[in-house]
Participant: 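Got a structure for you, written out below as structure tokens; questions coming shortly.
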Amino acid sequence: MLKVILPDGKMLEFNKRVRPMDVAAEIGAGLAKATIAARVDGELTGADTLLPENGEVRLEIITKKSPEALDIMRHSAAHLMARAVMRLFPGVQLAFGPTVENGFYYDFALEHSLSEADFPKIEAEMAKLVKEDEAYERLELPREEALKVLKDMGQTLKVEHLTETLADQETVSFYQQGEFMDLCRGPHVPSAKAIGAFKLMSVAGAYWKADANNQQLQRLYGTAFFDKKELDAYLTQLEEAKKRDHRVLGKQLELFAIDQRVGSGLILWLPKGATIRRQLETFLYEELMRRGYQMVYSPVVGRVGLYMTSGHYPYYADSQFPPIEVDKDDLYLLRPMNCPHHVTMYMQRPHSYRELPLRLAEFGNVYRFEQSGELSGLTRVRGFTQDDAHIFCTEDQVKDEFRNCLEMTQHVLGILGFTDYRVRLSFRDPDSDKYVGDAATWDKAEAALEAVCRELELPNLTIAKGEAAFYGPKADFVVSDCIGREWQLGTVQLDYNLPSENRFDLTYIGPDNLPHRPVMIHRAPFGSFERFIGILIEHFAGAFPLWLAPEQARVLVVSQKYEDYGREIEQKLREAGLRVTGDYRSEKIGAKIREAQLQLIPYMFIIGQREEEERNVSVRDRIAGDLGSMTLEAAIAKMQLEIKEKTIRRREEAEK
RNA sequence: GCUGCUGUAGCUCAGUCGGUAGAGCACAUCCUUGGUAAGGAUGAGGUCAUGGGUUCGAUUCCCAUUGGCAGCUCCA
């Protein structure tokens with residue numbers, strides 16, 4: 001006899017073998033209908049997985065409303081899609097078909113190259129399958145038998161997976177719908193009708209087992225929701241998000257350009273984008289000064305020997321611009337990083353422990369020859385400016401310095417209103433030989449880093465094994481762009497490598513009058529100005545807070561008769577340190593306002609007969625609209641306060 | 001770099017089943033001089049990404065190259 005305990009404490013008893021869906025049916029027909037899967041003693045299982053014959057289980061029925069349900073349904077939709085593709089394109093090889101953040105995909109090996117033109121056909125086939133409402137049946141097969149099944153179906157990729165990766169499994173599970181069968185852990189919905197509204201999204205290439213040396217497969221992406229309304233809402237949201245795309249806004253607002261005459265991945269900062277960048281540079285500069293950094297300048301090239309010593313050269317041979325030979329055996333490299341230059345500065349004379357920590361900062365331009373397929377707007381480029389600094393400190397100071405760096409990053413992101421970032425602790429993979437230095441040092445460094453991150457309660461802390469730089473562990477601040485891609489912005493990295501005897505052999509003289517080895521920290525709160533501003537444009541949807549806005553105010557005259565007074569106001573605003581322009585064209589005031597609104601200019605000064613007579617100004621706020629008339633002095637004071645406080649005002653917030 | 005899609009005016013895009021192209025916005029000139037999101041007229045702008053092939057003829061069809069986009073791989 002089996003006792004089933006439900007979350008509300010209710011207990012049911014069964015004398016025969018039952019499945020979660022039978023239990024649901026026992027409780028009520030409505031629940032049975034809504035059942036997607038179940039949780040048995042905390043383990044996620046399918047609704048049709050047989051429960052034990054005897055004993056006691058805690059059972060939770062997962063309905064459409066549960067957070068896991070969508071994921072399970074999408075996975076079933078992936079199977080549905082795979083089955084439709086198999087029906088339409090015989091001979092297709094199945095690879096894997098997991099769910100992803102907003103949907104699912106399935107990888108196929110297939111002669112015919114899929115394109116969007118195939119989508120309607122596949123979707124129609126899927127709809128037909130939903131209508132047929134076949135059950136998703138789970139089968140457990142012994143390994144040998146499973147192998148035979150897969151071989152008979154001609155699924156060689158899955159055979160390979162079962163032989164190589166799942167070699168130690170005694171039994172494996174399959175899911176079957178009609179003639180379709182696939183190796184899968186599950187769980188799945190009980191039957192196809194549980195799959196709601198779905199849509200195929202895109203097709204792309206992907207490598208078998210994520211290895212570029214392997215065969216390339218076709219990856220079909222789709223998404224599914226429980227109803228059409230949710231799907232439509234998602235699609236609308238995607239469209240909306242695309243309007244925030246920094247590449248679109250960068251063009252519309254004339255912030256930056258990329259031009260083939262200069263080269264791919266090389267950013268031309270137009271006046272408005274340059275203004276934003278300069279504001280951010282000034283902002284960071286003030287933070288650096290407050291925190292005891294010293295600014296330096298260094299050239300963007302260096303002799304190849306420098307990078308040989310640093311150890312960067314062999315590691316990054318593929319991703320740097322080729323060296324320039326100025327003379328026989330005298331090669332210069334466009335620098336892919338600033339560290340060797342800063343290290344060389346440190347080496348100019350002996351240092352006392354009293355000078356440490358020594359913090360050298362530079363907004364340093366670096367160049368990396370990224371693969372063409374990697375380039376993307378401002379977020380992945382070939383020439384960029386790191387808001388870099390290198391800290392030379394004693395072993396004992398590492399933890400405090402680390403904390404300071406993380407705090408600074410947290411602080412600057414906070415000022416800009418970033419709350420939705422995550423922090424990724426990148427540690428080494430102990431099994432890899434990619435990393436330099438001894439295991440004990442790594443362990444110690446990783447432990448210190450993690451402790452500081454926990455102390456600071458950094459949001460969404462995750463640990464990524466194998467993601468560390470080759471020279472030390474790091475903490476990265478990661479954010480998403482408008483289409484959900486994650487980008488690393490700020491970073492704080494520990495380095496035991498560059499100071500070491502086989503690299504630059506850095507020392508400082510300790511209180512014992514003996515040389516000691518300093519530790520280096522590399523850190524960049526923004527990461528790079530290019531990527532950061534790219535994300536920032538999307539973060540604000542181009543509507544920058546006043547202190548960052550390239551054009552803070554525009555003077556609009558009601559008629560050209562008031563141009564003289566308008567120019568007087570414009571000049572006074574400029575003298576007050578504001579970034580201002582004037583619109584004196586013979587357009588109607590409505591048209592001028594519309595243009596200024598579309599350019600997302602925070603303040604408009606409307607000048608007409610009334611203002612001229614009363615010697616005041618009429619102010620229009622981009623978000624709030626007409627603020628009425630006031631003296632010019634009052635308007636300037638209001639703006640200056642807003643700039644000083646770095647106020648963030650957003651339309652969506654203002655509307656609440 | 002790989003797979004797929006894609007490249008027409010400054011921008012967003014139509015179009016040519018092969019006979020060298022069009023709209024809206026932007027721009028210029030003129031009219032208009034206005035009160036909180038688009039006043040009107042006229043005009044200028046294109047080797048239809050580049051190179052080759054097929055053809056009497058290619059922007060259109062084919063091939064290659066190159067840029068862009070999405071994904072993959074990579075990422076100091």
Side-chain angles (χ1 to χ4, degrees), chain A residues 100 105 107 113-118 201-221 242 245 247-248 251-252 254 257-261 263-265 307 310-312 315-316 318-320 335-340 366-377 379-380 384 386 388 426 467-472 474 476 483 485 487-488 491 493 495 522 524 527-528 531 556-563 584-599 604-611 618-622 625-629:
Chain A
V100 288
Y105 67 78
D107 287 345
S113 64
L114 294 166
S115 75
E116 287 189 23
D118 296 313
M201 303 297 287
S202 62
V203 59
Y207 300 103
W208 169 240
K209 300 214 163 175
D211 185 338
N213 297 313
N214 284 343
Q215 161 188 15
Q216 191 156 27
L217 308 167
Q218 299 188 59
R219 178 167 293 178
L220 208 45
Y221 283 88
K242 279 189 191 153
D245 191 317
R247 292 165 297 188
V248 174
K251 193 161 250 174
Q252 271 170 20
E254 297 186 321
I258 300 169
D259 191 296
Q260 278 330 112
R261 284 163 284 205
S264 294
Y307 304 94
S310 71
H312 289 115
Y315 271 91
Y316 306 112
D318 294 342
S319 56
Q320 58 210 10
R335 70 173 172 198
M337 69 286 300
N338 305 306
C339 345
V366 296
Y367 294 86
R368 299 175 188 182
F369 198 79
E370 303 290 356
Q371 297 185 91
S372 59
E374 294 310 326
L375 301 176
S376 175
T379 45
R380 191 81 183 263
F384 55 99
Q386 296 178 315
D388 211 357
S426 296
E467 290 292 313
F470 74 95
Y471 49 74
K474 54 181 186 158
D476 298 322
I483 54 172
R485 288 185 292 212
W487 297 98
Q488 175 196 315
T491 183
Q493 314 184 352
D495 187 350
H522 309 244
S528 76
R531 182 176 288 178
L556 311 178
V557 290
V558 172
S559 134
Q560 289 176 317
K561 285 185 228 160
Y562 315 109
E563 178 168 347
Y584 306 107
R585 294 171 307 159
S586 73
E587 288 293 338
K588 290 174 103 169
I589 192 67
K592 294 182 185 182
I593 288 170
R594 184 181 139 85
E595 276 178 42
Q597 286 284 147
L598 291 175
Q599 283 293 308
M604 284 159 248
F605 286 75
I606 316 288
I607 303 299
Q609 186 180 2
R610 281 205 302 274
E611 289 73 21
S618 174
V619 180
R620 183 186 161 100
D621 177 313
R622 187 185 66 81
D626 191 358
L627 299 183
S629 58

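Naming convention: chains lettered A, B, ... in sequence-line order (proteins, then strands); numbering from 1 in each chain. Here the structure is a predicted model, which is why all the values come from computation and not from measurement.
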Participant: Salt bridge (charged side-chain N to carboxylate O under 4.0 Å, His left out), that's the test. Do A:E587 and A:K592 meet it? Break it down for me.
Facilitator: CA-CA 7 Å; A:E587 288 293 338; A:K592 294 182 185 182; over 6 Å; no
Participant: Answer with base, sugar-phosphate or nothing: what part of the nucleic acid does A:R247 contact at a heavy-atom distance below 4.0 Å?
Facilitator: sugar-phosphate
Participant: Could you tell me how far B:U6 sits from B:U50 if I compare only their C1' atoms? Round to whole Å.
Facilitator: 16 Å
Participant: What's the gap between B:U55 and B:U60 when it is taken at their C1' atoms, as a whole Å value?
Facilitator: 13 Å
Participant: Can you tell me the distance, in whole Å, between the CD atom of A:E374 and the C1' atom of B:C74?
Facilitator: 6 Å
Participant: Answer with base, sugar-phosphate or nothing: what part of the nucleic acid does A:R485 contact at a heavy-atom distance below 4.0 Å?
Facilitator: sugar-phosphate
Participant: Taking the nucleotide of RNA chain B with the nearest heavy atom to each, does A:H312 or A:S202 sit closer to the 5' end?
Facilitator: A:S202
Participant: Using modelled atom types and a 3.5 Å cut-off, is there a donor and acceptor pairing between side-chain atoms of A:E611 and backbone atoms of A:G608?
Facilitator: yes
Participant: Is B:G67 in the syn or the anti form, by the rule that syn lies within 90° of 0?
Facilitator: anti
Participant: What dot-bracket string describes RNA chain B from 5' to 3', counting Watson-Crick and G-U wobble pairs whose defining distances are under 3.5 Å, with [ ] for crossing pairs and | for pairs to another strand?
Facilitator: (((((((..((((.....[..)))).(((((.......))))).....(((((..]....))))))))))))....
Participant: Distance criterion of 3.5 Å, no angle test: do you see the side chain of A:R380 paired donor-to-acceptor with the base of B:C75?
Facilitator: yes
Participant: Look only at the side chain of A:D118 and the backbone of A:S115, and say whether a donor-acceptor pair between them is shorter than 3.5 Å.
Facilitator: yes
Participant: Taking the C1' atom of each, how far is B:G43 from B:U47, in whole Å?
Facilitator: 23 Å
Participant: Using a heavy-atom cut-off of 4.0 Å across all strands, would you classify A:Y105 as base, sugar-phosphate, or nothing?
Facilitator: nothing
Participant: Does A:Y207 contact B:G1 through a side-chain donor or acceptor facing the base, at a distance under 3.5 Å?
Facilitator: yes
Participant: When all nucleic acid strands are considered with a 4.0 Å heavy-atom cut-off, which category describes A:A596: base, sugar-phosphate, or nothing?
Facilitator: nothing
Participant: Testing the basics here: between A:Y584 and A:Q560, what is the closest heavy-atom pair and its distance to 0.1 Å?
Facilitator: O-NE2, 3.1 Å
Participant: Is the backbone of A:P336 close enough, under 3.5 Å, to the side chain of A:R368 for a donor and an acceptor to pair up by distance?
Facilitator: yes
Participant: Return yes if some donor-acceptor pair links the side-chain N/O of A:R531 with the main-chain N/O of A:T379 below 3.5 Å, else return no.
Facilitator: yes
Participant: Tabulate protein N/O versus nucleotide N/O from nucleotides 4-7 of chain B, keeping only pairs under 3.5 Å, one per line.
Facilitator:
none

Participant: Could you go over nucleotides 33-37 of chain B and give all protein N or O partners under 3.5 Å, atom names and distances?
Facilitator:
unit_1: B:U33; atom_1: O2'; unit_2: A:S559; atom_2: OG; d: 3.2
unit_1: B:U33; atom_1: O2; unit_2: A:S559; atom_2: OG; d: 3.1
unit_1: B:U33; atom_1: O2; unit_2: A:Q560; atom_2: N; d: 2.8
unit_1: B:U33; atom_1: N3; unit_2: A:Q560; atom_2: OE1; d: 2.8
unit_1: B:U33; atom_1: O4; unit_2: A:Q560; atom_2: OE1; d: 2.5
unit_1: B:G34; atom_1: OP2; unit_2: A:K561; atom_2: NZ; d: 3.2
unit_1: B:G34; atom_1: N7; unit_2: A:V558; atom_2: O; d: 2.7
unit_1: B:G34; atom_1: O6; unit_2: A:S586; atom_2: O; d: 3.3
unit_1: B:G35; atom_1: O6; unit_2: A:Q609; atom_2: N; d: 2.7
unit_1: B:G35; atom_1: O6; unit_2: A:R610; atom_2: N; d: 2.9
unit_1: B:G35; atom_1: N1; unit_2: A:E611; atom_2: OE1; d: 2.7
unit_1: B:G35; atom_1: N1; unit_2: A:E611; atom_2: OE2; d: 3.4
unit_1: B:G35; atom_1: N2; unit_2: A:E611; atom_2: OE1; d: 3.3
unit_1: B:G35; atom_1: N2; unit_2: A:E611; atom_2: OE2; d: 2.6
unit_1: B:U36; atom_1: O2'; unit_2: A:R620; atom_2: NH1; d: 3.0
unit_1: B:U36; atom_1: O2; unit_2: A:R620; atom_2: NH1; d: 3.3
unit_1: B:U36; atom_1: O4; unit_2: A:S618; atom_2: OG; d: 2.5
unit_1: B:A37; atom_1: N6; unit_2: A:Q597; atom_2: NE2; d: 3.2

Participant: With rounding to whole Å, what would you report as the distance between B:U59 and B:U8 at their P atoms?
Facilitator: 16 Å
Participant: Determine the interatomic distance between P on B:G52 and the same-named atom on B:G15; round to the nearest Å.
Facilitator: 29 Å
Participant: Flag the pair A:R261 and A:D259 as a salt bridge only when some basic side-chain nitrogen lies within less than 4.0 angstrom of an acidic carboxylate oxygen.
Facilitator: yes
Participant: Taking the side chain of A:Q371 as its heavy atoms from C-beta onward, which of B:U73, B:G67, B:A70 lies nearest to it?
Facilitator: B:U73
